[in-house]
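Quick one: this structure, given as structure tokens, is what I'll be asking you about.
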Number of protein chains: 2
Amino acid sequence: MLDQFETIGRAIADPSRPRILKLLEDGELCVCQITTVLGLAPATVSKHLSLLRQAGLAAQRKAGRWIYYRLAERSSNPYAAPMLVLVRSVSGDDDIIAADRGKLCEVRAIPVERLCAATPSFQTTIVSAITEE
Amino acid sequence: MLDQFETIGRAIADPSRPRILKLLEDGELCVCQITTVLGLAPATVSKHLSLLRQAGLAAQRKAGRWIYYRLAERSSNPYAAPMLVLVRSVSGDDDIIAADRGKLCEVRAIPVERLCAATPSFQTTIVSAITEE
DNA sequence: ACGCCATTTCGCTATACGACGAAACAAGAA
DNA sequence: TTCTTGTTTCGTCGTATAGCGAAATGGCGT
């Protein structure tokens, strides 16, 4: 019980993971999309997603070469659902969240095949182009 | 917004601090009482309490030589109150929480002047006597 | 089978955090 | 004021965690 609560706590005690959860509120995303929005290395994002999944806050779905993550609808951790409700209450007025939401909108406009095949420099171009708006 | 949420997350991402919050659900306690129940050094408990206070989850009241801590009723952090509700939902079936509750009952039976003036060895005696029950 | 590519795991570095003892602080008692 | 004592702060140590690059894994397409 207490360790499950702690697991949830550790899962959100980080700047990046709540950002990921907020991104997933609009629907499932593949790892490369999340990586592009956050501007972090794929290895780092993968670790974050693994933690969120272990905490029962997120779930994954394999589709071909890509793996899509979504908010968990049913979790073995009894504190996951209430925590997701609390996360949802986090205001979109926050600068970072608003910026992420904007980036996500741009990223969604690009087909996954195009985005993921993009060279790192091109991804940077995308990110900077979005950031400068 | 997001940093306030992270502050709350960090405040509960630890085994000891949720235990403290559960203890405070039964009413305010002074530091020496919490220290005795948790079996940690006063410096450690003080740090935990400081974090809980900064997160807006706990509040303090000075009474003579002692400082009493309680759950915060009004907090500047908008996520504090919902988090306390979630903490309250943590089941007392948990072994650690149940044991803490038992120790707290014994500790409450001892006047604060007696408990705090107790030598560390006597505190150990109290704790072990309680534990062995 | 082989290559390709999204994702994960591994190895590593830098920083953050929990724990304690010792010293500093604060407030009642003498 | 001086002493005592509950609490906090400081300094330190050991462990945990975020971040990345490089290598391993797992599917898809050829």
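Proteins come first, then strands; the chains are lettered A, B, ... in the order of their sequence lines, and each starts at number 1. These figures come from a predicted structure and were not determined experimentally.
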Carboxylate-amine/guanidinium contact A/Asp14 B/Arg10, below 4.0 Å: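 Answer for the salt bridge query: no.
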Residue that, paired with B/Leu71, satisfies side-chain contact (heavy atoms from CB on, under 4.5 Å) out of B/Val87, B/Leu84, B/Ile20: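 Per the side-chain contact (heavy atoms from CB on, under 4.5 Å) rule, the option paired with B/Leu71 is B/Leu84, out of B/Val87, B/Leu84, B/Ile20.
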Distance, rounded to the nearest Å, where B/Gln33 contributes CD and D/dG6 contributes P: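 The distance from CD of B/Gln33 to P of D/dG6 comes to 12 Å, rounded to the nearest Å.
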Nearest to side-chain heavy atoms of B/Ile67, which nucleotide of D/dA22, C/dT7, D/dT8: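 Closest nucleotide to the B/Ile67 side chain: D/dT8.
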Under 4.0 angstrom between B/Tyr69 side-chain N/O and D/dT8 OP1 or OP2: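 The answer is yes; a side-chain N or O of B/Tyr69 sits under 4.0 Å from OP1 or OP2.
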Nucleotides 23-30 of chain D: protein proximity per nucleotide (B base, S sugar-phosphate only, - neither; heavy atom, under 4.0 Å): ----SS--
Pairs involving residues 47-63 of chain B, ordered by first then second residue, that meet salt bridge (Lys or Arg N to Asp or Glu O under 4.0 Å) (sequence neighbours left out):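 Qualifying pairs, neighbours excluded: B/Glu28-B/Arg61.
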Atom pair distance, as rounded to whole Å: CD in B/Glu6 and C1' in D/dT17: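 Checked: the CD to C1' distance equals 13 Å.
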Length of the line joining A/Gln54:CD and C/dT8:P, which is rounded to integer Å: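 Roughly 12 Å, once rounded to whole Å.
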Whether B/Lys22 side chain and B/Val90 backbone form a donor-acceptor pair below 3.5 Å: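 A pair under 3.5 Å: yes.
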Whole-Å gap separating C1' (D/dT8) and CH2 (B/Trp66):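 My rounded result for the distance is 17 Å.
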Sidechain-backbone polar pair: A/Arg17 side chain, A/Ala11 backbone, donor-acceptor under 3.5 Å: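 Checking the backbone N and O of A/Ala11 against the side chain of A/Arg17, a donor-acceptor pair under 3.5 Å is found.
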Footprint string (nucleotides 14-19 of chain C, 5' to 3'): B base within contact, S backbone only, - free, heavy atoms under 4.0 Å: ---SSS
Whole-Å distance separating the CD1 atom of B/Ile20 from the P atom of D/dT7: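 Result: 13 Å.
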Exam field: side chain A/Thr44 to backbone A/Leu40, donor-acceptor pair closer than 3.5 Å: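 The answer is no, because no donor-acceptor pair under 3.5 Å joins these two groups.
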Backbone of A/Cys32 reached by a side-chain donor or acceptor of A/Thr36 within 3.5 Å: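 A pair under 3.5 Å: yes.
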Phosphate contact (D/dT7 OP1 or OP2) by B/Gln60 side-chain N/O below 4.0 Å: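 It does not, given that no N or O in the side chain of B/Gln60 lies less than 4.0 Å from OP1 or OP2 of D/dT7.
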Donor-acceptor contact present, side-chain B/Glu106 to main-chain B/Lys103, <3.5 Å: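 No, B/Glu106 side chain to B/Lys103 backbone: no donor-acceptor pair under 3.5 Å.
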B/Asn77 side-chain N/O to B/Gly56 backbone N/O, donor-acceptor pair under 3.5 Å: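 Here the side-chain-to-backbone pair does not exist.
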Interatomic distance where CZ belongs to B/Arg61 and P belongs to D/dG6 [whole Å]: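 Spelled out: CZ on B/Arg61 to P on D/dG6 is 17 Å.
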